[in-house]
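Below is one structure, written out as structure tokens; the observations come after it.
Since this is a predicted model, take the numbers as computed values, not measurements. Counting starts at 1 for both ligands and their atoms, in listed order.
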Amino acid sequence: MKIVHVASELFPFIKTGGLADSVASQAKTLARFGHKVSVIIPGYRAVMEHPGFASARRVLELLVELGDRDVRGEVYALDLAAGETLYVVRRDEFFDRTYPYGVGTMDYDDNAARFIFFDKAVVEILRLLKLKADVVHCHDWQAGMVPVLLRAAEAQTGTTLALSTVLTIHNIAFQGVFPRREFALTNLPDEFFNVEGVEFYGQMNMLKAGLVFADRITTVSPNYAREIRTSTYGAGLDGVVRSRGGDLVGILNGIDTEIWNPETDPHLPARYSVEDLSGKAVCRRALLEHCGFAPEDKGPLMGMVCRLAHQKGIDLVLGSVDALAKLGIRLVILGNGDRDYEAALAEAREKYPENIYHDSSHDEALSHLIEAGADFFLMPSIFEPCGLNQMYSMRYGTVPVVSNVGGLVDTVTDIEEDPENGTGIVVRPDVRGVIRGYRRAVDLYANRELMARAIRNGMRRDFSWEKAARAYEALYREIV
Ligand code: ADP
Ligand code: GLC
């Protein structure tokens with residue numbers, strides 16, 4: 001099949017979160033299965049300057065109608081692997097910026113123009129490069145307008161540009177909602193701006209556009225597929241989700257088991273396997289040293305790597321620092337985002353320098369060292385469509401302490417509930433739950449036998465992408 005992925009992020013070129021990892025592994029695995037896979041992303045500064053992008057060639061110049069402007073763009077192509085090509089839409093006015101979506105928690109005020117332009121450029125690429133896609137697979141709101149723009153362009157030109165479309169929701173909390181006036185940028189007839197279309201409480205909603213017009217909808221875990229049908233997790237779109245009920249399926253993400261492999265990881269000071277964990281102790285010492293923590297074994301060392309956002313339960317961590325310090329737990333946090341959270345974490349570190357370490361950079365290498373060096377990985381998310389870090393941590397023999405939401409439920413088995421097969425600690429997403437998680441971690445850490453079993457069970461789990469990619473393949477076959 002010819003499959004075209006449309007996304008705003010792709011590892012290693014541009015990444016702010018799991019979307020980049022998910023799309024990259026999915027595309028790579030489908031290409032290995034023998035499909036012809038293209039991935040289209042915006043030409044952010046990080047992409048254009050990425051060393052791996054130096055050999056890309058310019059293949060196309062575009063002219064896109066954006067409201068009452070005609071906007072030029074360029075398209076670059078790069079072969080990523082056999083059967084896998086990356087296309088990058090370049091327009092420096094829109095994408096030559098340090099951050100993809102905005103600074104801190106402030107979105108850029110031209111995001112509607114930026115991503116409507118991108119989605120229209122995708123349709124032009126399909127048309128001009130004659131990609132003859134069997135499936136156009138769109139990810140998240142940034143690609144949400146593609147299905148409707150595609151069908152509008154087909155009606156206008158009388159040609160078929162793609163046989164079918166799929167939308168994957170990686171996070172329903174981000175929807176790309178813009179004032180009504182921005183709808184003019186789509187150049188779609190007014191009749192699309194209604195309840196059955198892209199209108200959402202008087203505004204334009206790009207994710208909703210995808211939900212309504214894509215042939216099929218997927219999300220990144222079975223449990224989240226159930227959750228987003230409810231008002232608690234549906235972020236206002238649960239009604240739309242329910243109305244597409246039969247067309248929605250949850251397919252659990254895998255992880256890239258080549259990049260995330262403790263036996264070969266080049267970021268680690270020592271490598272290890274489930275048969276011989278001695279290298280993990282070396283990583284632990286290196287992590288303690290990195291954080292300026294005392295080198296002696298003083299109880300559980302916990303790690304956390306995430307965007308500093310409400311979703312990730314940062315308030316719960318901040319609300320439980322006293323208990324954490326009292327229990328003698330040490331916590332390393334790598335993450336950035338909300339400036340208020342960054343300030344609050346700096347304050348917590350000042351209060352408990354022997355228990356809390358925070359680094360606000362984006363650091364791929366340190367994220368690997370945390371996964372390897374910590375005893376536990378903390379992920380008390382308020383909601384979590386899938387979550388990748390809990391899977392990385394199990395693969396690295398680091399016991400996850402997670403909340404009972406979304407994909408965390410689908411991937412972590414509580415060791416208390418199932419002492420034979422358990423891989424982690426599952427708690428409720430509130431301060432009491434998190435403190436309970438700390439207490440249980442301290443107890444588990446002291447119970448060498450059970451701790452060793454949790455580690456082994458986690459390391460032996462299969463989180464590879466093959467299964468997920470087969471599920472996508474089956475879905476594509478069904479709709480094509
Ligand atoms: P989300 O996509 O909601 O942010 P995921 O768990 O799916 O959550 O994926 C987050 C990804 O981003 C993980 O690969 C994680 O390691 C990475 N990540 C987040 N913050 C940082 C950071 N500061 N430095 C390095 N990697 C980070
Ligand atoms: C989103 C979700 C995260 C998921 C990732 C990849 O960013 O927040 O839970 O793992 O997408 O699908």
ask   = Does T413 reach the main-chain N or O of D418 with its side chain, forming a donor-acceptor pair under 3.5 Å?
value = no
task = Name the closest protein heavy atom to atom 18 (N) of ligand 1, giving the residue it belongs to and the distance to 0.1 Å.
result = V305 CG1, 3.8 Å
task = Determine whether the side chain, the backbone, both or neither of S361 has a heavy atom under 4.0 Å from any heavy atom of ligand 1.
result = backbone
key: P385 neighbourhood, listing ligand 2 atoms whose heavy-atom distance to it stays under 4.0 Å   = 2 (C), 8 (O), 9 (O)
inquiry  = What I want to know is whether G17 and ligand 1 share at least one N or O pair that is separated by under 3.5 angstrom.
reply    = no
inquiry  = Tell me whether N205 contacts the main-chain N or O of L207 through its side chain, where contact means a donor paired with an acceptor under 3.5 Å.
reply    = yes
key: atom 1 (C) of ligand 2 - nearest protein heavy atom and its distance   = H170 O, 3.1 Å
ask   = Taking both backbone and side-chain atoms of N389, is any N or O found less than 3.5 Å from an N or O belonging to ligand 1?
value = yes
Exercise: do D315 and Y341 side chains pair donor with acceptor under 3.5 Å = yes
Element-labelled atoms of ligand 2 that are located less than 4.0 Å from some non-hydrogen atom of N253 = 6 (C), 10 (O), 12 (O)
S221 side chain to N223 side chain, donor-acceptor N/O pair below 3.5 angstrom = no
inquiry  = Yes or no: does C306 have any heavy atom under 4.0 Å from an atom of ligand 1?
reply    = yes
ask   = Does any N/O atom on S367 come nearer than 3.5 Å to any N/O atom on ligand 1?
value = no
query = Quick one: are Y438 and V401 in side-chain contact, heavy atoms under 4.5 Å?
reply = no
task = Return yes if some donor-acceptor pair links the side-chain N/O of T29 with the main-chain N/O of S25 below 3.5 Å, else return no.
result = yes
inquiry  = To check your reading of the model: name the closest protein heavy atom to atom 24 (N) of ligand 1, its residue, and the distance in Å.
reply    = D363 N, 3.0 Å
request  = Could you tell me whether G18 and ligand 1 have an N or O pair separated by under 3.5 Å?
outcome  = yes
inquiry  = When you measure from the heavy atoms of G17 to every atom of ligand 2, does any distance fall below 4.0 Å?
reply    = no
ask   = Who's closest to atom 1 (P) of ligand 1 heavy-atom-wise, of K312, Q311, K15?
value = K312
inquiry  = Heavy atoms only: which of Q311, E9, Q26 lies closest to atom 8 (O) of ligand 2?
reply    = Q311
request  = Check each atom of ligand 2 against the heavy atoms of N171 and keep those under 4.0 Å away; list them by number with element.
outcome  = 8 (O)
query = Backbone N or O of D96 within a donor-acceptor pair of the R45 side chain at under 3.5 Å?
reply = yes
key: Short side-chain to backbone donor-acceptor contact, T218 and V249, under 3.5 Å   = no
note = Ranked by distance from atom 3 (C) of ligand 2, the top protein heavy atom is E384 OE2, 3.4 Å
ask   = What is the nearest protein non-hydrogen atom to atom 22 (C) of ligand 1, stated with its residue, atom name and distance?
value = H362 ND1, 3.6 Å
request  = Of the side chain and backbone of L366, name the one, both, or neither that has a heavy atom under 4.0 Å from an atom of ligand 1.
outcome  = neither
query = Below 4.0 Å from any atom of ligand 1, is there a heavy atom belonging to H170?
reply = no
ask   = Hey, are E371 and T398 close enough side-chain-wise for a donor-acceptor pair under 3.5 Å?
value = no
request  = Indicate whether any N or O donor in one side chain lies under 3.5 Å from an N or O acceptor in the other, for D21 and Y392.
outcome  = yes
ask   = Polar-atom distance check: E364 versus ligand 1, any N or O pair below 3.5 Å?
value = no
ask   = By number and element, which atoms of ligand 1 are closer than 4.0 Å to a non-hydrogen atom of R307?
value = 1 (P), 3 (O), 4 (O)
query = Does D21 approach ligand 2 within less than 4.0 angstrom via side chain, backbone, both or neither, non-hydrogen atoms only?
reply = neither
ask   = Can you tell me the protein heavy atom closest to atom 6 (O) of ligand 1 and the distance?
value = L388 N, 3.0 Å
inquiry  = Using a plain distance cutoff, I'd like to know if V220 has any nitrogen or oxygen under 3.5 Å from a nitrogen or oxygen of ligand 2.
reply    = no
ask   = For R242, does the CZ atom have more than 12 heavy-atom neighbours from other residues, nucleotides or ligands under 6.0 Å away?
value = yes
inquiry  = Using a 6.0 Å cut-off, check whether atom CD of E347 has over 12 heavy atoms from anything other than its own residue.
reply    = no
request  = Count the heavy atoms belonging to other residues, nucleotides or ligands that lie under 6.0 Å from CD of E466, then report whether that count exceeds 12.
outcome  = yes
ask   = Is the distance between the ring centroids of F463 and W260 under 6.0 Å?
value = no
inquiry  = For ligand 2 and G387, I'd like to know whether there is a polar contact (N/O to N/O, distance under 3.5 Å).
reply    = yes
Ligand 2 N/O within reach of K312 N/O, cut-off under 3.5 Å = no
query = Around R428, counting heavy atoms of other residues, nucleotides and ligands shown, do more than 12 lie under 6.0 Å from its CZ?
reply = no
